[in-house]
Protein chains: 2
Amino acid sequence: MEKIKFQPLENITLVDRIEKHIIEHIKEHKLKPGDALPKEMELAEWLGVSRTAVREAMSRLRTLGLVESKKHRGMILKEPDLINNIQKAIDTKMLDENTLQDLFEFRLMFEIGMVDFVFARKTPEQVAELERLAREANYEYVDNYFSLKDEFMFHSTLYKMANNQTLLRFQEMLLPVFQYVHDFQEKEITNLNEGNTLVTHLDLVEELKNGTPQSFREAMRMHLSPHFQRMRTRRVI
Amino acid sequence: MEKIKFQPLENITLVDRIEKHIIEHIKEHKLKPGDALPKEMELAEWLGVSRTAVREAMSRLRTLGLVESKKHRGMILKEPDLINNIQKAIDTKMLDENTLQDLFEFRLMFEIGMVDFVFARKTPEQVAELERLAREANYEYVDNYFSLKDEFMFHSTLYKMANNQTLLRFQEMLLPVFQYVHDFQEKEITNLNEGNTLVTHLDLVEELKNGTPQSFREAMRMHLSPHFQRMRTRRVI
């Protein structure tokens, strides 16, 4: 008899399978946050597995923030928090250089891409605050092209204007990444910047007040051009 | 004696604290993927806690994909996977409408924001593929403004051109969200679109071949304008 060689399609354990079943159960029954999951014992019986295995699958879902245990009610579904678990991965500082670059590029994409939202949702108070930040930081700005704190305050205000809560949390989470890229890019950026027309924070405020989404977008693109140049020279296909 | 009322700053358990300690340990010792963590017993002794509590913290880190257990080597650090855990949260379909909207806006931001990367990294083969997709889908396109499959194939190719691996996985993960938003927006978008100058996929290919990042970006903005209009009218501050 011929020997059949096969490779496992997925490295999937019993607990993985139970976890998948529970997620399927949630989808099929269209369960919502606040709803209770079946009891550990019931699940173990239905699936024909041990309670220990069910308990471990539940513990995973709790770690992922999808359920919480409540006294007398058992396991209750929770609104999943998309950002929380990425946070922990970033905290370890174990991301490789490629992923850090990817995330830094996210920043550039967001700041160009969110312009229409900034325009549509900005409040007069936010614009005034942005102008104040740009004016107060201005002197420091001339001496020292990148003052990270000023940069941060200014761009954070723009993210707030875009008024997308998930984006705002994403940006806060990515700050350590920006700091990292900032640190190793600082010298190079100063060099790359020579010969460019520099668009300042004050110029951006002016565009936000009197320009259009289109003119603001192109001004932001110019403002960020040292970063874009850095990124282009980095990875060649 | 006056009674002091206080609120706990954080709802933090013993296992939470152990988890934090381990993450701090990874950062302080600059541990990398492949490095081993201290043994369960050692950690329990250092922290003055039970092995059961350490085991639970380790199990969480395993769930988050930060460690894996290997025979004879104990707990080994793993390159964290940023996307994997968000995937499970999205799979449950328990996200509320605001978060879904936030994520849909991510798509719009990325497609506008990634244009410079698309231009800098596109290959002739990818441009040819994009043109083929636009031509083949063209007839269907006239009859039925949104054919989701064509839309998906075309825009996926653009994401590939941007050549940011994290973004590509993010986009794949968000597809069910786009499908959802697509389903409930379809009718409204058709109405909103009346009177707009429609920028087709073929127009976009033309810009990619003979235009500039700036002209392509504005063409993409026009192409997506039904979505942008929908979003603007949705949330008012």
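So that the names make sense, note that chain A is the first sequence line, chain B the second, and so on, each numbered from 1.
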Relative to chain B, which of [options] shows the most heavy atom pairs under 4.5 Å?
options	value
A/Phe110, A/Phe119, A/Phe170	A/Phe110
A/Lys27, A/His25, A/Lys93	A/Lys27
A/Gly113, A/Ser59, A/Pro33	A/Gly113

Residue part contacting chain B, namely of A/Lys78, when any heavy atom lies under 4.5 Å: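 The backbone, not the side chain.
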Under 4.5 Å heavy-atom distance to chain B, tell me which part of A/Glu24 shows up: side chain, backbone, both or neither.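 No part of it gets close to chain B.
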Starting at [atom1] of [X], measure out to [atom2] of [Y] and round the result to the nearest 0.5 Å.
X	Y	atom1	atom2	answer
A/Asp116	B/Leu108	CG	CG	9.0 Å
A/Gln101	B/Gln165	CD	CD	13.5 Å
A/Leu103	B/Asn164	CG	CG	8.0 Å
A/Leu95	B/Asp81	CG	CG	10.0 Å
B/Gln87	A/Ile23	CD	CD1	9.5 Å

Applying a criterion of heavy atom separation less than 4.5 Å, what residues of residues 63-74 of chain A form contacts with chain B?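 Contacts with chain B: A/Thr63, A/Leu64, A/Leu66.
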Less than 4.5 Å to any heavy atom of chain A: does that hold for the side chain of B/Glu111, its backbone, both, or neither?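 Neither part.
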Considering all heavy atoms, the nearest B/Ala89-A/Leu82 contact: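 Closest pair (atom of B/Ala89, atom of A/Leu82, distance): CB-CD2, 3.7 Å.
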Atom of B/Leu31, atom of A/Met94 and distance for their closest heavy-atom approach: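 Answer, listing the atom of B/Leu31 first, then A/Met94: O-CG, 3.5 Å.
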Steps toward side chain to side chain contact (heavy atoms under 4.5 Å, CB included) verdict (B/Gln214, A/Arg221): CA-CA 9 Å; B/Gln214 187 173 350; A/Arg221 176 61 187 78; over 6 Å; no
Does A/Asp96 offer a backbone N or O that forms a donor-acceptor pair with the side chain of B/Glu79 under 3.5 Å?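 Answer holds: yes.
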Could you list the residues that satisfy side-chain hydrogen bond (donor to acceptor under 3.5 Å, both in side chains) with B/Ser50, not counting sequence neighbours?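 By the side-chain hydrogen bond (donor to acceptor under 3.5 Å, both in side chains) rule, B/Ser50 matches no residue at all.
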Close side-chain approach of A/Thr166 to B/Thr99, heavy-atom, < 4.5 Å: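 Yes; the side chains approach each other to less than 4.5 Å.
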